[in-house]
S.K.: 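One structure, pasted below without further comment.
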Amino acid sequence: MNPTEATPAPPRVRFAPSPTGYLHIGGVRTALFNWLFARRHGGRFILRVDDTDSQRNLADALAPILDGFRWLGIDWDEGADIGGPHEPYYQSQRLALYQAAAEKLLASGVAYRDYARPEETQTERAEAEANKVPYLASRRWAGETAEDRARFEAEGRTFAVRLKMPRTGTCRIEDLVRGTVESEWAAEADHVIQRADGTCLYHLASVVDDVEMGITHVIRAEEHLPNTPRQIFIFEGLEAPLPAFAHLPVVAEPGSRVKLSKRKLDKYLKNPEFADLYQHGRRIADRLGLAATPETFNPVITDFYRIAGFLPEAVLNYLLLLGWSLDDHTEILSPAEQIAHFTLDRVNKAAASFDPKKLMSFQEKYMQALPVDERLRRVLPFVETVGWVATPPSPAELERVRGIVAAAADRIKVAGDILDYDEFFVADEKLAWDEKAFDKRIRSAAGATELLAALRSEIAELPAGADFSAPAVEKILGEFVAARSLGLGAIVHALRLAVAGKPIGFGLFDILALLGRSSVLARIDRALVHAATPPGAIGPS
RNA sequence: GCGCCCAUCGUCUAGCCUGGUCAGGACACCGCCCUUUCAAGGCGAUAACACGGGUUCGAAUCCCGUUGGGCGUACCA
């Protein structure tokens with residue numbers, strides 16, 4: 001690098017979630033872009049907590065957010081939990097800073113004490129609405145002199161602090177994503193920055209913190225774009241340098257441009273693809289015995305993916321492409337590649353709607369790329385939680401689960417899918433059958449029970465310790481059907497139902513090998529008894 | 001209402017700045033192949049420049065307008 005060239009200071013960016021008790025997937029996308037930008041330029045990513053309006057228990061409301069980021073591998077350099085040079089990182093603990101800033105704005109005349117009563121402001125606003133003009137405060141109750149203040153206070157009025165917005169000129173924002181955005185200052189209302197009770201509002205707090213924390217780039221969702229002029233006004237009032245702004249498109253509902261919201265789960269469930277994703281996760285949550293309410297478990301919330309056993313890299317990769325692209329063909333980017341290639345100028349302007357199917361496709365690709373032992377590692381916590389293996393598993397259990405994972409191959413899309421394969425963990429006498437399939441494939445299939453019985457004796461006659469691996473089983477079955485001039489199809493379905501209880505799943509030879517000879521014999525026996533029981537009669541539970 | 005933002009296949013997008021390609025890729029869908037089921041995989045097909053005016057030999061690309069959508073307009077964030 002040319003030593004005479006000034007090295008730009010490393011950027012400082014922030015993500016400032018409200019402690020709401022959950023991490024919104026759209027918020028993750030915004031945080032991801034900030035994080036990527038910081039990592040790409042050797043800057044700092046700061047996690048500040050916007051709890052100015054918080055009534056809830058902070059620790060409980062914040063934990064899911066921090067856990068979500070940790071799970072995703074989005075780490076922060078300063079902020080919640082870890083502190084840093086600009087402590088505290090909780091806005092509720094920075095009130096004095098905001099009040100001092102309000103004083104400064106008041107002193108320099110860019111803000112005023114507004115003694116208007118709420119209903120008076122309301123009347124003015126209604127009037128403006130009726131006249132179809134932007135609402136502008138009359139400033140009739142602005143206590144700008146000591147006399148005015150004394151008079152208003154004598155009337156029993158209290159004040160809020162309002163910005164005294166310019167009434168002429170143009171505000172120009174050079175947005176890194178949207179280019180030059182212009183608006184008339186006169187269209188800006190005199191926003192309140194400090195309430196009558198002395199507490200401060202978002203716009204003031206946000207700007208004061210950005211100034212104090214040395215934020216160089218404000219990268220946030222597009223919904224904040226119309227708020228930017230008033231924030232710029234505060235920056236200027238504080239005589240602070242302006243950060244660069246980059247407004248990201250929102251993450252929208254499936255098939256719409258409306259911002260994704262966790263409260264509209266019922267509506268999204270009418271979208272079949274969204275419903276599929278939800279049901280997929282739900283099945284896993286149910287098996288885990290989780291109380292999955294829409295408030296805590298829903299594809300809009302990051303925890304959904306963690307609980308169901310998604311790979312964080314896959315989720316991140318999908319989110320990256322929601323509003324950003326590298327070129328006309330690259331889709332799979334590892335975190336390192338994402339950092340290496342991310343630039344704000346390739347961020348899209350239009351809102352991007354959330355596509356559950358495409359997310360799943362990323363998840364499948366990432367899962368397929370994982371070696372069996374890695375998949376085993378992801379799957380283990382699930383079988384441990386439901387008690388199918390001990391915690392930690394014995395070497396034999398480990399080997400068994402590994403075999404199941406290997407045989408499952410691409411069928412395990414998310415780690416929690418392992419819970420679909422209870423037939424390998426349930427005791428032989430507890431195996432439940434899919435009755436409809438059982439009826440079709442065994443009870444009403446001509447010759448099925450006879451064939452099953454014949455195969456059963458053949459397997460039983462195998463010498464003790466005979467090879468029962470998948471290839472060996474394949475050979476046994478092949479010879480069994482060949483001796484009867486039949487195809488494999490003649491026995492496969494009945495056998496699958498008998499030993500696994502369901503008509504779908506792994507390759508049959510894998511199933512038999514995984515179960516082992518004694519289980520196979522026991523299950524065929526039990527199926528034969530069950531087949532003899534008339535349908536509708538009470539079968540084994 | 002007013003202000004701002006946005007607009008390419010169903011969806012995510014490339015292309016737009018620096019006009020000229022059969023408008024490219026991915027996901028989904030559909031069809032075929034493979035196949036003991038289910039997945040997976042392979043091959044193929046359908047599918048888009050919101051509309052209307054300009055400018056130009058030529059417009060997805062530049063300009064104007066229209067329409068549609070989104071966000072904001074709180075003593076919320």
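Small disclaimer: the values here were computed from a predicted structure and weren't measured. Excluded from the calculations below are hydrogen atoms, water molecules and symmetry mates; all remaining heavy atoms, backbone and side chain alike, are included. Within every chain, numbering begins at 1; the chains are lettered A, B, ... in the order of the sequence lines, protein sequences first and strands thereafter.
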S.K.: Using purine N1 to pyrimidine N3 plus N6-O4 or O6-N4 for Watson-Crick, or N1-O2 and O6-N3 for G-U wobble, both under 3.5 Å, which nucleotide pairs with B/C17?
M.R.: none

S.K.: Starting at CG of A/Leu359 and ending at P of B/U13, how long is that distance when rounded to a whole Å?
M.R.: 14 Å

S.K.: With no angle test and no hydrogens, is the base of B/A28 tied to the side chain of A/Lys358 by a donor-acceptor pair under 3.5 Å?
M.R.: no

S.K.: How many whole angstroms separate atom CD of A/Glu223 from atom P of B/G3?
M.R.: 22 Å

S.K.: Without decimals, in angstroms, what is the distance between A/Asn348 CG and B/C17 C1'?
M.R.: 15 Å

S.K.: A/Glu273 has an atom CD; how far is it from atom P of B/C12, in whole Å?
M.R.: 12 Å

S.K.: Nearest to the side chain of A/Glu222 - B/A77, B/C6, B/C5?
M.R.: B/C5

S.K.: If you check every side-chain atom of A/Lys357, which of B/C27, B/C71, B/A77 has the closest atom?
M.R.: B/C27

S.K.: Within the pair A/Arg157 and B/C75, is there a side-chain N or O less than 4.0 Å away from OP1 or OP2?
M.R.: no

S.K.: Per the atom types in the model, does the base of B/A28 pair as donor or acceptor with the side chain of A/Asp355 at under 3.5 Å?
M.R.: no

S.K.: Does any N or O donor sit under 3.5 Å from an N or O acceptor when you compare the side chain of A/Arg411 with the base of B/C38?
M.R.: yes

S.K.: Nearest to the side chain of A/Gln368 - B/C12, B/G41, B/C38?
M.R.: B/G41

S.K.: Without decimals, in angstroms, what is the distance between A/Met367 CE and B/A39 C1'?
M.R.: 14 Å

S.K.: Contact class for A/Glu184 (heavy atom, under 4.0 Å): base, sugar-phosphate, or nothing?
M.R.: nothing

S.K.: Using atom P of each nucleotide, how far apart are B/C16 and B/A39 to the nearest Å?
M.R.: 41 Å

S.K.: Applying a 4.0 Å non-hydrogen cut-off, can you work out what A/His224 is touching in the nucleic acid: base, sugar-phosphate, or nothing?
M.R.: base

S.K.: If we take the P atom in both B/C32 and B/U11, what is their distance in whole Å?
M.R.: 27 Å

S.K.: For B/C4, which nucleotide is its Watson-Crick or G-U wobble mate, given both distances must be under 3.5 Å?
M.R.: B/G70

S.K.: Starting the side chain at C-beta, find the nucleotide from B/C27, B/U36, B/C5 nearest to A/Leu508.
M.R.: B/U36

S.K.: If you check the A/Arg178 side chain, which of B/C6, B/A28, B/C12 turns out closest?
M.R.: B/C6

S.K.: When rounded to the nearest Å, what value does the distance between C1' atoms of B/G69 and B/C51 take?
M.R.: 15 Å

S.K.: Which nucleotide wins on minimum distance to the side chain of A/Ala352, given the candidates B/G25, B/C5, B/U13?
M.R.: B/U13

S.K.: What integer number of Å spans the C1' atoms of B/U13 and B/C75?
M.R.: 43 Å

S.K.: Between B/G24 and B/A47, how far apart are the C1' atoms? Round to whole Å, please.
M.R.: 14 Å

S.K.: Under 4.0 Å, heavy atoms only, any strand: does A/Asp328 hit a base, just the sugar-phosphate, or nothing?
M.R.: base

S.K.: Looking only at the side chain of A/Glu331 (C-beta and beyond, no hydrogens), which of the listed nucleotides B/C29, B/G25, B/A39 gets closest?
M.R.: B/G25

S.K.: Looking at the side chain of A/Arg230, which of B/U73, B/A28, B/C75 is the nearest nucleotide?
M.R.: B/U73

S.K.: Within 45° of the axis and under 6.0 Å from the centre of the six-membered ring of A/Tyr22, does NZ or CZ of A/Lys262 qualify?
M.R.: yes

S.K.: Given the P atoms of B/C22 and B/C4, what is the spacing between them in whole Å?
M.R.: 40 Å

S.K.: Could you tell me how far apart A/Leu326 (CG) and B/G25 (P) are, to the nearest whole angstrom?
M.R.: 17 Å

S.K.: Rounded to the nearest Å, what distance is computed from the CG atom of residue A/Leu322 to the P atom of nucleotide B/C27?
M.R.: 16 Å

S.K.: With a 4.0 Å cut-off on N to O distance, would you call A/Lys164 and A/Asp114 a salt bridge?
M.R.: no

S.K.: Of all the nucleotides listed (B/C12, B/U36, B/C5), which has the minimum atom distance to the side chain of A/Arg257?
M.R.: B/C12

S.K.: State whether the side chain of A/Arg162 and the backbone N or O of A/Asp190 hold a donor-acceptor pair below 3.5 Å, judged by distance alone.
M.R.: yes

S.K.: Rounded to the nearest angstrom, tell me the gap between atom CE in A/Met165 and atom P in B/C2.
M.R.: 21 Å

S.K.: Please state whether the base of B/A77 and the side chain of A/His203 form at least one donor-acceptor pair under 3.5 Å?
M.R.: yes

S.K.: How is A/Asp197 classified with respect to the nucleic acid when contacts are heavy atoms under 4.0 Å: base, sugar-phosphate, or nothing?
M.R.: nothing

S.K.: Do A/Arg125's NZ or CZ and the ring of A/Tyr135 fall within the cation-pi criteria of under 6.0 Å and 45°?
M.R.: yes

